[in-house]
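Quick note on labels: first sequence line is chain A, next is B, and so on, each numbered from 1. Only this structure's heavy atoms are used, side chains among them; waters, hydrogens and symmetry mates stay out.
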Amino acid sequence: MKLYDPQKVEQHAQQLWDTQQTFRVSPDNDKEKYYCLSMFPYPSGKLHMGHVRNYTLSEVIARFQKMQGKNVLHPIGYDAFGLPAENAAIQNKTAPAKWTYANMAEMTSQLKRLGFAYDWTRQLATCDPDYYRWEQWLFVQLFKQGLVYRKDATVNWDPVDQTVLANEQVIDGKGWRSGAEVVRKTIPQWFLKITDYAEELLQSLDNMPGWPDSVKTMQKNWIGKSKGLELDFEVPEFGRISIFTTRPDTLFGVSYMAVAPEHPLALKAATTNPDLAEFLTQCSKEQSNEAAMATMEKKGMPTGLIAVHPLTGEEIPVWVANFVLMSYGTGAVMAVPGHDERDHEFALKYNLPIKRVIEGDGDIQATPETDYGILINSGEYDGLNFDQAFQRMQHYFEDKGTGRLQINYRLRDWGVSRQRYWGCPIPIIYCDKCGAQPVPENDLPVILPEDVVFDDTGGSPIKKMPEFYETVCPKCHEPATRETDTFDTFMESSWYYARYTCPDYDQGMLSDEADYWLPVDQYIGGVEHAILHLLYARFYHKVLRDQGLINSDEPFKRLLTQGMVLKDGAKMSKSKGNTVDPQALIDRYGADTVRLFSMFAAPPEQSLEWSDEGVEGASRYLNRLWHNVQEFIAQNHKVGSLDKQNMTSEQQQIRYKIHQTIGKVTGDIDERQHFNTAIAAMMELTNALTKFKDDSSNGVALLHEGWLTLVKMLSPFAPHITQVLWEDLEQTGLLAEADWPVVDNSALVQDEVEIVVQVNGKLRAKVKVAADADKESVEAIALAEENVQRFVDGKTIRKIIVVPKKLVNVVVS
RNA sequence: GCCGGGGUGGCGGAAUUGGUAGACGCGCCGGAUUCAAAAUCCGGUUCCUUUGCGGGAGUGAGAGUUCGAUUCUCUCCCUCGGCACCA
């Protein structure tokens, strides 16, 4: 009998797919298309188990869909720009490009060794000028259409290295290399008007049944639509300032105002107030990310300025507060400590008045009451509820011209400028006379020089390369300066899924083929991308649609968010030293085992706890399968057709098991996407077939059907071993191109079912009844059970609940 | 802090619509095979109690709804992910 040699088996199968170009696809209008995609990897070095898991998930779905007869696009590429390449460049004294290309080559060979069913002809890398030139082209179009603008924004500045730091490079408020205290610095940067699409991005979520509710909720909250009033407050010594509030009903409870440290009012007041100026400097050293803002100590300082309450005429102090965000609303808020948590905390700390203006009987001085209610202490507005008060105030301020209805979004415009080298150059030229000019389309792409040297500060080399940034103005042809910032790498990952449909097209960003394949039918990737990447990609898709490049509204029909791969309860990482190298496992057990284990260990959405023993188990299972099928083949039976009319009870049972498993596995892959239970069901079938010893003609026919069915169903998970078993079972063609098995409902008919008998909800017996037995006879059979009688005897039967084909519950007292 | 997940045997997990808690696998225990070991095969394996049949408890903690709750509701604890310059 043939022995199972994974390395030999896998080489054989991979060679077949390679020479026959099995997974190369082109549009075919005779077949239903299916586009299956995993989030592409950042080429950080070698593959890690998270990659293996991600790509095996899309692999199983892609191969399954192909066996359903669909025209399946399953591509792969590299998200090649990014910070780690620069870090490696500093550390290893190599150019980021060199490091990146070497990593891509390494990872490609690993992906090939895993036998993934990719169309390798469509491979792309985002650092390729043939890719990013179209990103630059799109940016120029958006620039011309006014969807791009430049404004000042905050960055982390390392004053020693004289460089901008990513949030990740700021550790406890200090630069990661220099250790210097990082400060906030404001510099002009480019923005995409994603907020123009906020409403559509929000509305479309209601029409995306293929996305997990959790992701849709996160995006909804991220967009954060809120309806409120924008109100103008007169500040006699400054002018008018606007605030945004969702709670105008609490306007009479305002006891102070607060503005962001970057607010013009704060800056002006600081010019004559050294203490305030010092406070603003302090604020500029605090981290500006949202988590830090929310958890830091709330601090403030009065500006000395007074605002006039628009309804009562009362004078209220204007404070600067470190928790007010310049980037949300107007950068100024009215503070109602009686009915807002944060205002309350601040008022207690600085001894500001707390007023009750919503009915209630708690101690408002001790605890704020944030629920809606009936207005009190609000003059003519007393007795109104939230909606009434909102409307009357809206009308009042609109008539006066000092307030207006305002829909606000928490979502901010997308800042795309990065002061980094290893990214796509922003195609802009600055001219002293003509201002910022887009690079003419004929001059695209602006190519990033790849032969560069990094110094120890980590600053971008192209900022010191006159041969890169010295140019002429495309309008007046006078000497001008090229933009040296590059794009946020989310720009590349926002449209790569579309470029896979036509990766070599050089006449435009996308060809007609895009609309054949798009939208992506199944997208798979880490849950950590639930908001940013997925929101940016959705935005980009709508932009591409509005440019007339594609005709769908959303990029990803169905989304599967996979959990992380853990070892010893922690995320695998080099610094923790708890990584597992998939390559070593492939060398030892083969790709099929690694793939099978990664699918079997946990359902895809959950985190996966690594287990060396579990891999051993997967390998053992494949060995057992191989052995059992080879043993069946070695017996050299003549396989005839099944005589369904004359089956023994055992034969009926094994046939039931085969077809029940087909239903289970198909549903688990297609609908539930719980691949672990699909594998468990196949293991059960393997166990059942192994135990089924029957040399009769029907027995052999059933075993043949069973093993063949199993080989087919396991093929998306373990395509190599099953391809060889398929050949050994004397089947023709490639298993990857075979039809998926279909359930024969006649095999699932059962005359008898087992039902559970409970007394007061506790299991007391199991009985077999006819499948079509009526309620009365089921009750009678259940009550006749000896162990049921023990618990019913001497008590009164209150009622009997019968769930057909499942259970009987006798309620006694 | 805010938003979104997760918590079930010794371990990974199963229970799909409120209906047998622990499928499948790992580990462990016992047996077969072997000169011996590895590998393989067979059997057992939630905990407590019982020779056995059986009984009791049990899904992070506490309450609630229900004939019946791992599943629904509320409060709390722990943990993971995201928070806009990591990708």
Side-chain angles (χ1 to χ4, degrees), chain A residues 39 41-42 44 79 81-84 87 153-156 164-170 189 212-215 217-222 224 288-296 323 327 341-342 410-412 414-420 488-490 493 526-533 535-536 561 563-564 566 569-571 597 600-603 605-618 620-621 623-624 627 664 667-668 671-672 674 676-677 679-684 687 754-758 760-763 766 787 790 798-801 803 806-812:
Chain A
M39 290 180 187
Y42 177 79
S44 53
D79 188 15
F81 278 136
L83 198 54
N87 299 339
T154 308
V155 294
N156 303 309
V164 175
L165 300 177
N167 284 341
E168 189 188 55
Q169 297 171 316
V170 181
Q189 304 186 57
D213 287 336
S214 59
V215 174
T217 305
M218 277 191 265
Q219 293 217 344
K220 199 172 189 165
N221 291 336
W222 184 263
S288 60
N289 67 70
E290 199 184 312
M293 297 282 280
T295 47
M296 72 193 174
F323 61 83
S327 52
E341 301 271 359
R342 205 176 45 186
R410 206 184 73 96
L411 180 68
R412 310 199 291 259
W414 180 8
V416 296
S417 294
R418 296 291 180 271
Q419 298 69 41
R420 274 179 244 304
D488 177 5
T489 57
F490 276 125
S493 57
V527 65
E528 66 272 21
H529 297 292
I531 296 177
L532 290 179
H533 162 61
L535 192 67
Y536 290 142
T561 51
M564 290 185 312
L566 310 176
K571 186 176 177 172
F597 171 73
F600 181 58
E605 289 96 338
Q606 279 179 41
S607 55
L608 185 157
E609 175 66 33
W610 184 259
S611 149
D612 292 332
E613 293 83 5
V615 182
E616 195 82 45
R620 215 177 304 175
Y621 170 71
N623 270 293
R624 209 160 54 228
H627 182 82
K664 165 85 178 151
D668 277 357
E671 286 126 49
R672 291 214 309 156
H674 278 208
N676 55 331
T677 51
I679 295 168
M682 288 189 276
M683 286 173 168
E684 281 188 66
N687 295 343
E754 189 184 62
I755 65 165
V756 163
V757 186
Q758 300 178 330
N760 282 351
K762 284 192 197 289
L763 176 68
K766 293 177 186 180
N787 203 40
R790 276 179 60 190
R798 295 290 169 202
K799 60 173 154 178
I800 301 180
I801 286 145
V803 181
K806 275 223 172 102
L807 98 167
V808 174
N809 188 11
V810 183
V811 185
V812 299

Options B:G54, B:C67, B:C86, nucleotide nearest the side-chain atoms of A:N787: B:G54
Strand partner of B:G19, provided both Watson-Crick or wobble distances fall under 3.5 Å: B:C67
Touch class at under 4.0 angstrom, heavy-atom based, for A:T217 against every strand present: sugar-phosphate
Touch class at under 4.0 angstrom, heavy-atom based, for A:S417 against every strand present: base
Sugar-phosphate, base or nothing in reach of A:V215, heavy atoms under 4.0 Å: nothing
Distance, P atom - from B:A21 to B:A15, rounded to whole angstrom: 16 Å
Sugar-phosphate, base or nothing in reach of A:N221, heavy atoms under 4.0 Å: sugar-phosphate
Touch class at under 4.0 angstrom, heavy-atom based, for A:Q419 against every strand present: base
Plane angle bin for A:H533 and A:F490 - parallel if under 30°, tilted between 30 and 60°, otherwise perpendicular: parallel
Flag for A:D668-A:T677: side-chain donor and acceptor within less than 3.5 Å: yes
Touch class at under 4.0 angstrom, heavy-atom based, for A:K664 against every strand present: base
Candidate nucleotides B:C3, B:U40, B:A14, ranked by approach to the side chain of A:M218 - the nearest: B:C3
Selection from B:G25, B:A21, B:A87 that lies nearest to any side-chain heavy atom of A:L763: B:A21
Which nucleotide in B:C41, B:G27, B:C67 has an atom nearest any side-chain atom of A:R620: B:G27
Pairing partner of B:A36 (Watson-Crick or G-U wobble, both distances under 3.5 Å): none
Listed nucleotide nearest any side-chain atom of A:K762, set B:A14, B:G56, B:C41: B:G56
Closest listed nucleotide, where the reference is the side chain of A:L83 and the choices are B:G82, B:C86, B:U20: B:C86
Residue matched to B:A57 through Watson-Crick or wobble contacts both under 3.5 angstrom: B:U46
Any side-chain donor near an acceptor of the partner, A:N787 and A:R790, under 3.5 Å: yes
Sugar-phosphate, base or nothing in reach of A:F490, heavy atoms under 4.0 Å: base
Selected nucleotide, minimal atom distance to A:V756 side chain, candidates B:U20, B:G12, B:C86: B:U20
Sugar-phosphate, base or nothing in reach of A:P41, heavy atoms under 4.0 Å: nothing
Any side-chain heavy-atom pair of A:V808 and A:I755 under 4.5 Å: yes
Phosphate OP1/OP2 of B:A14: any A:N676 side-chain N/O under 4.0 Å: yes
A:R672, nearest nucleotide to its side chain (from B:U16, B:C83, B:A87): B:U16
Options B:A84, B:U20, B:G81, nucleotide nearest the side-chain atoms of A:W222: B:A84
Any A:T677 side-chain N or O less than 4.0 Å from OP1/OP2 of B:A14: no
Sugar-phosphate only, base, or nothing, as touched by A:L411 at under 4.0 Å among non-hydrogen atoms: base
A:K799 side chain near B:C67 phosphate (N/O to OP1/OP2, under 4.0 Å): yes
Sugar-phosphate, base or nothing in reach of A:V811, heavy atoms under 4.0 Å: sugar-phosphate
Sugar-phosphate, base or nothing in reach of A:M564, heavy atoms under 4.0 Å: sugar-phosphate
Toward the 5' end of RNA chain B, by each residue's nearest nucleotide, A:S214 or A:G614: A:S214
Salt-bridge criterion met for A:K664 and A:E684 (N-O under 4.0 Å): no
Distance between P atoms of B:G60 and B:G9 (Å, rounded): 8 Å
